[in-house]
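Below, read A as the first sequence line, B as the second, and so on, with proteins coming before strands; counting in each chain starts at 1.
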Number of protein chains: 2
Amino acid sequence: MQIGSQTLAPLVRKLSLHAPLSQEDQAALLALPHAVRNLELGQYILREGDVPTHSCLVVSGFAIRHKITGNGGRQIVNIHLSGDMVDLQNSLLTTADHNVQALSRMSAAFLPREAIVELGFSRPAVGKALWLETLVEGSISREWITNVGRRDAQTRVAHLLCEFAYRLDAVGIGPECNYELPMTQEQLADSVGLTPVHVNRTLKALDAAGLTKRSRKSVVITDLQKLAETGDFRSTYLHLPPHALPKHHQ
Amino acid sequence: MQIGSQTLAPLVRKLSLHAPLSQEDQAALLALPHAVRNLELGQYILREGDVPTHSCLVVSGFAIRHKITGNGGRQIVNIHLSGDMVDLQNSLLTTADHNVQALSRMSAAFLPREAIVELGFSRPAVGKALWLETLVEGSISREWITNVGRRDAQTRVAHLLCEFAYRLDAVGIGPECNYELPMTQEQLADSVGLTPVHVNRTLKALDAAGLTKRSRKSVVITDLQKLAETGDFRSTYLHLPPHALPKHHQ
DNA sequence: CGTGTTTTTGACTTCAGTCAATTAAAGTGG
DNA sequence: CCACTTTAATTGACTGAAGTCAAAAACACG
């Protein structure tokens with residue numbers, strides 16, 4: 001258990017995105033008690049039915065949240081990047097209603113729930129920032145419902161790829177609009193409610209159209225502008241501060 | 001603008017569901033400044049792009065939140081019952097990324113956003129209750145993603161109907177497991193990502209199987225137990241307190 | 001190098017969408 | 001209370017996007 005290191009810097013970075021935090025607020029965040037763990041690809045951070053005591057911050061790498069349906073289908077409901085608090089969702093709920101799993105090798109910081117909640121209420125600026133994070137996540141969820149419910153395969157996949165581009169850019173990963181996505185086609189499929197086979201064909205089409213370039217287990221976006229058109233993507237729902245947006249997309 | 005009436009009672013009821021609120025907290029909630037408005041069926045409460053200044057509490061009736069895709073499709077991303085705060089979602093976000101519309105004639109209370117936020121931080125119990133509401137909504141959104149992304153038509157529709165049953169029961173509307181749902185088939189379709197025509201056929205099938213009984217613009221659930229099986233429905237994700245669940249489903 | 005993923009491809013199936021016409025309410029105004 | 005309009009539900013025939021199955025190819029890694 002560490003106190004006061006710089007491990008939590010990505011959290012401060014993320015929370016300051018919308019409204020600046022005072023030095024004291026930042027210090028208080030960095031001083032949160034936490035334990036860092038390195039997780040292997042595929043390792044579960046939380047399983048449906050668990051009663052979590054800690055929230056988890058993604059320090060590096062990727063994590064997904066997913067649900068399993070009665071007939072064995074899997075639906076990924078969220079993907080978390082560096083700086084994301086994966087488990088604020090469960091911070092006040094007793095029983096986890098979904099699974100959280102490492103999408104890659106990753107490093108995560110585990111923070112006791114009460115410490116976070118306490119800090120949120122003792123420092124309103126921090127509390128608001130945390131709340132805002134939750135709200136943005138809700139917004140993303142709504143967009144995902146729309147994506148999966150009302151868009152065709154091509155559009156869906158393109159949309160997801162765009163979301164990634166913007167979110168990765170916002171946390172400062174990846175050069176310009178040329179991003180790499182370390183997801184298998186099966187995982188992409190589970191994110192957009194399609195089969196892996198169909199995702200494969202869809203990616204091939206995007207590739208042929210010159211919007212992406214693929215290699216194994218990853219996708220590179222070559223033309224974000226056109227991809228956004230194809231994907232019916234407008235970034236408003238991400239509620240990113242203006243300066244964080246890729247330039248050519250104001 | 002009223003102060004201190006009983007109009008906000010449904011809010012207190014809802015927020016007390018998980019953890020009891022002290023008399024003072026309840027009084028503070030009831031004392032929130034607010035304006036009551038009666039809305040016609042179909043009237044917009046908020047449009048995408050608006051910058052809201054007030055949050056809206058559903059006093060009676062139903063409201064929906066929906067998004068419109070580039071090709072004109074509509075996806076309903078949430079349905080709100082009496083006692084729901086429709087717009088906490090936007091309370092800290094500047095620009096609304098979706099529409100809110102009255103599903104029926106309804107009565108709504110509009111509360112200034114700052115008043116709510118302030119109260120949330122000055123009274124941690126209230127703040128936690130509000131936060132919890134937000135989290136439960138997030139949980140429902142995740143289930144919707146799953147529903148739309150990984151379940152077939154029959155299951156999807158059955159699942160939605162079950163969710164209604166439980167949520168209506170939790171706020172004390174409707175006798176036992178015999179509920180009426182004032183939604184058109186088109187609205188149902190937009191909630192589960194299907195076409196109205198297919199929803200019609202699906203409802204017909206559920207009817208034939210003896211799980212529901214339909215009349216115009218409404219559905220009555222006759223066998224909640226079986227409907228839950230058909231709909232791959234387990235109520236955990238609603239995070240309802242135990243006592244609020246229909247008995248036969250513990 | 002062999003073993004296990006992940007990706008790719010092709011042939012075939014199916015669930016849900018589309019189109020279009022019909023029926024049944026629910027209002028509405030005279 | 002009745003014609004008249006409108007909105008919602010229903011039905012049937014046909015289409016099509018995405019799923020299924022199964023096998024082959026391409027990597028990644030020990």
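At least one donor-acceptor pair closer than 3.5 Å links the side chain of A:Arg156 to the backbone N or O of A:Val192.
Side-chain contact of A:Glu143 with A:His159: a donor-acceptor pair under 3.5 Å is present, judged by distance alone. Under the 3.5 Å distance criterion, with hydrogens and angles disregarded, no donor-acceptor pair is assigned to the side chains of A:Asp97 and B:Thr236.
With respect to the salt-bridge test (charged N to carboxylate O, under 4.0 angstrom), the residues A:Asp152 and A:Arg150 do not qualify.
Taking only side-chain atoms of B:Arg201, from C-beta outward, the nucleotide of C:dA16, D:dG12, C:dT9 with the closest atom is D:dG12. Out of D:dA28, C:dA11, C:dG17, the shortest distance to the side chain of A:Arg216 is found at D:dA28. In this structure, the nucleotide among C:dT5, D:dG12, D:dT20 sitting nearest to the side chain of B:Val197 is D:dG12.
Distance CG (A:Leu203) to P (C:dT6): 15 Å, rounded to an integer number of Å. We find that NE2 of B:His198 is positioned 21 Å from P of D:dA8, with the value rounded to whole Å. For the pair B:Asn71 CG and D:dA17 P, the computed distance is 14 Å after rounding to whole Å. Protein atom CG of A:Leu41 is 15 Å distant from nucleotide atom P of D:dA28, rounded to whole Å. Across the protein-nucleic acid pair, A:Asp207 atom CG and C:dT8 atom C1' stand 13 Å apart, rounded to whole Å. D:dA9 atom P lies 11 Å from atom CG of B:Leu181, rounded to whole Å. Whole-Å rounding puts the A:Asp152 CG to C:dA16 P distance at 17 Å. When the P atom of D:dA26 is taken as reference, atom CD of A:Gln185 falls 15 Å away, rounded to whole Å.
Taking the ring axis of B:Tyr237 as reference, the NZ or CZ atom of B:Arg142 does not stay both within 45° of it and closer than 6.0 Å to the ring centre.
Side-chain N/O atoms of A:Asn200 include one lying less than 4.0 angstrom from OP1 or OP2 on C:dT8. Remark: A:Lys204 is not in phosphate contact with C:dT7, judged by side-chain N or O atoms under 4.0 Å from OP1 or OP2. Contact annotation: A:Gln154 does not reach the phosphate of D:dA17 (side-chain N/O to OP1 or OP2, under 4.0 Å).
Across all strands, A:Arg214 comes closer than 4.0 Å only to sugar-phosphate atoms, never to a base (heavy-atom distances). Residue-level contact check: A:Gly193 touches the backbone only, with heavy atoms under 4.0 Å from sugar-phosphate atoms and none from bases.
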